[in-house]
Amino acid sequence: MFRWFHKLASTKNFYRLAEIMTPLLAVACALLIGVGLYQGLFVAPTDYEQGESYRIIYVHVPSAWMSMFIYMVMAFCSLLFLVWKMKLADIVAEVSAPLGASFTFLALVTGSLWGKPMWGTWWEWDARLTSELILLFIYIGYMALRSSIENKSSAARAAAILALVGVVNIPIIHYSVEWWNTLHQPASITKLGKPSIHISMLIPLLLMALGFTLFYFVTMLLKTRNVILEREVNSAWVRERIKEDRL
Amino acid sequence: MTEFLAMGGYAIYVWPSFALTAIVMLANLFAALTRRKKVIAMLKRQHAETKT
């Protein structure tokens, strides 16, 4: 187990693995999002309360889930980096931040576009909305901190500490709808027991969510490979690959 | 088709949501692909320089 872990942590092996995985994940991602969109827009029935407006759920909820999932990946990688000095984990955290910020932004804007017709307001200082906005600020703060410190290794350390401190916000986002009884509706899928959403509406949502997750992995792997190449320009294996024109 | 595009009167909320999501996701993907092209070009240039 540890040997396997150690092997994966070497940038050379990771590069090779990412190279193989990226096209496979990309195809699966395109299929999932394609079928998810078709089912979500054409097959899923109209909601009896919200009419067609509820279809925003198919981009809003996956974006919101990704905003938290990517943060957890970033925080976990930051921990690996701080404790075991794993450079690869630092790269994954670094390239994940803009992706996480993008999904947080999408969750907020699509939520706003859904809130206007349903709640009658674009924005409310509701617990869920506010904690999600804080998440966006944490992502922005993480990226700003990284780019503002000249020394690369102290920038990485400081950013990793910020990412770990920011983890407290994640359960706050998740439980905000239970702890504070405000505007945003409670969870309908991740609660215990039966989800309170009909299966015909749930399937496209899960397809989209899985598609978004794979999209994150595809983009993250591409970006990680870029950074590995940049950082290891002078290593033997990169030189070898350049010579063979096999990057 | 017109009925579908109208989204039961919610077109101005539904379509911008989907469009914006697509734009932001594709922008992230293209940024990664463009960066990759640049990095590879840079590596090849460096390699050519060190050889001569």
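In what follows, every chain begins at residue 1, and chains take the letters A, B, ... in the order their sequences are listed.
Proximity to chain B (any heavy atom under 4.5 Å) is restricted, for A/Met118, to the side chain, taken from C-beta onward. Using a 4.5 Å cut-off between heavy atoms, A/Val233 contacts chain B through both its backbone and its side chain. Proximity to chain B (any heavy atom under 4.5 Å) is restricted, for A/Leu37, to the side chain, taken from C-beta onward. Residue contact with chain A, scored on non-hydrogen atoms closer than 4.5 Å, involves the backbone and the side chain of B/Val14 alike. Both the backbone and the side chain of A/Leu229 come within contact range of chain B, judged by heavy atoms closer than 4.5 Å.
Taking the side chain as every heavy atom from C-beta outward, A/Val59 and B/Leu20 never approach each other to under 4.5 Å.
Chain A forms more heavy-atom pairs under 4.5 Å with one residue of B/Gly9, B/Ala6, B/Ala32 than with any other, namely B/Ala32. For the options A/Leu222, A/Ile33, A/Val238, heavy-atom pairs under 4.5 Å to chain B are most numerous at A/Leu222. Of the listed residues (B/Val39, B/Ile40, B/Leu43), the greatest number of heavy-atom pairs within a distance under 4.5 Å of chain A belongs to B/Leu43.
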Could you list every donor-acceptor pair linking chain B to chain A (distance under 3.5 Å, backbone and side chains)?
| residue | atom | partner | partner atom | Å |
| --- | --- | --- | --- | --- |
| B/Asn28 | ND2 | A/Ser102 | OG | 2.9 |
| B/Ala32 | O | A/Asn226 | ND2 | 3.1 |
| B/Arg35 | NH2 | A/Glu230 | OE2 | 2.3 |
| B/Arg36 | NH1 | A/Tyr15 | OH | 3.4 |
| B/Arg36 | NH1 | A/Leu247 | O | 3.3 |
| B/Arg36 | NH2 | A/Leu247 | O | 2.6 |
| B/Lys44 | NZ | A/Asp245 | OD1 | 2.8 |

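In this structure A/Leu32 satisfies the side-chain contact (heavy atoms from CB on, under 4.5 Å) test together with A/Leu207, A/Leu210, A/Leu214, sequence neighbours excluded.
Residue A/Met21 places its CE atom among 12 or fewer non-hydrogen atoms of other residues, nucleotides or ligands, all under 6.0 Å distant.
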